[in-house]
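Below: the structure, in structure tokens.
All figures in this text were calculated on a predicted structure; none of them were measured in a lab. Index from 1, following the sequence.
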Amino acid sequence: MSETLGIDLTLTDDPDQQNEVFLNAFNSGEGAIFDQLYRDDAVSNLTGTPLTGTARTEAITALLATKPTLTSKVLHSFRTDDTILLIVRFHLEIPTPDGTNIIDGICTDVLVHDTNGNWIMAVDRPVADEPTA
């Protein structure tokens, strides 16, 4: 990975460092920066629907254009030689014309080595908590 707009996009096998990279890229508001963390064929349901390729990139770019704010904490990390599974608790605030939409939940992320041996996102599956009655 590289450095873009002062954001270091280098992922390592340190789950806390990965989390920090994702937060910085997401909170940049730049979909193109955040999308660099994904494989071309990665699947993300960041928008509520599993998307890949151009559809994923367009959805991420549209969401980040609203300037949302994400905070998160790694709860669990499991690693094999070339795959990492992260379980992350997240808090997302999305500005809307009527105020702020707040979404809390758990995200399951799968990272793999790319052809250069760098870690990159293959699956991004955030799931919002069920609303409390």
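The hydrophobic clustering, which links ILVMFWY residues whose side-chain heavy atoms are closer than 4.5 Å, places Leu70 and Ile60 together. Hydrophobic clustering of Ile, Leu, Val, Met, Phe, Trp and Tyr side chains at less than 4.5 Å, counting indirect connections, unites Ile94 with Leu64. Tracing side-chain contacts under 4.5 Å through hydrophobic residues (I, L, V, M, F, W, Y), one reaches Phe78 starting from Val123; they form part of the same cluster.
Looking only at distances, no side-chain donor or acceptor of Asn45 sits under 3.5 Å from a matching main-chain atom of Gly48. For Asp35 (side chain) and Gly31 (main-chain N/O), no donor-acceptor pair under 3.5 Å exists by modelled atom type. Put simply, the side chain of Thr57 gets close to the backbone of Gly53: a donor and an acceptor are under 3.5 Å apart.
Between Ile84 and Pro15, every side-chain heavy-atom pair lies at or beyond the 4.5 Å cut-off. Side-chain contact between Leu63 and Phe34: absent, with no pair of heavy atoms (C-beta onward) separated by less than 4.5 Å. Within the 4.5 Å cutoff, side-chain heavy atoms of Asp16 are placed close to those of Val74. Considering only heavy atoms from C-beta on, Val112 comes within 4.5 Å of Ile120 through its side chain. Val21 is not listed as a side-chain neighbour of Asp8, based on a closest heavy-atom distance of 4.5 Å or more. Here the side chains of Phe22 and Leu11 are in contact, with some heavy-atom distance below 4.5 Å. Side chains of Asn118 and Thr10 form no contact here, defined as non-hydrogen atoms less than 4.5 Å apart. In this structure the side chain of Thr108 reaches within 4.5 angstrom of the side chain of Ile87, judged on heavy atoms.
Here the shortest heavy-atom pairing between Ala32 and Thr61 reads N-OG1, 4.2 Å. Contact detail for Asp124 and Cys107: the closest heavy-atom pair is OD1-SG, 3.2 Å. In terms of heavy atoms, Thr47 sits closest to Leu51 at OG1-CD1, 3.5 Å. Contact between Gly117 and His113 at its shortest, heavy atoms only, is O-CD2, 2.9 Å. Smallest separation of non-hydrogen atoms from Pro50 and Val43: CB-CG1, 4.0 Å. In this structure, Thr52 and Ala42 approach most closely via the heavy-atom pair OG1-O, 2.7 Å.
Here CG of Leu75 is found 5.0 Å from CD1 of Ile106. Values are rounded to the nearest 0.5 Å. Note that CZ of Arg79 is 4.5 Å distant from CH2 of Trp119, once rounded to the nearest 0.5 Å. Going from atom CG of Leu111 over to atom CG of Asp82 covers 11.5 Å, rounded to the nearest 0.5 Å. In this structure, CG in Asp14 is found 8.5 Å from OG in Ser77, a value given to the nearest 0.5 Å. Residue His91 holds its NE2 atom at 11.5 Å from OG of Ser72, rounded to the nearest 0.5 Å. In this structure, CD in Glu93 is found 10.5 Å from CD1 in Ile103, a value given to the nearest 0.5 Å.
Residue Asp40 qualifies as open at atom CG: its count of foreign heavy atoms under 6.0 Å is 12 or below. Heavy-atom neighbours of Arg89 CZ from other residues, nucleotides or ligands within 6.0 Å: above the threshold of 12.
For Asp41 and Arg56, the salt-bridge test fails: no basic side-chain N is under 4.0 Å from an acidic carboxylate O.
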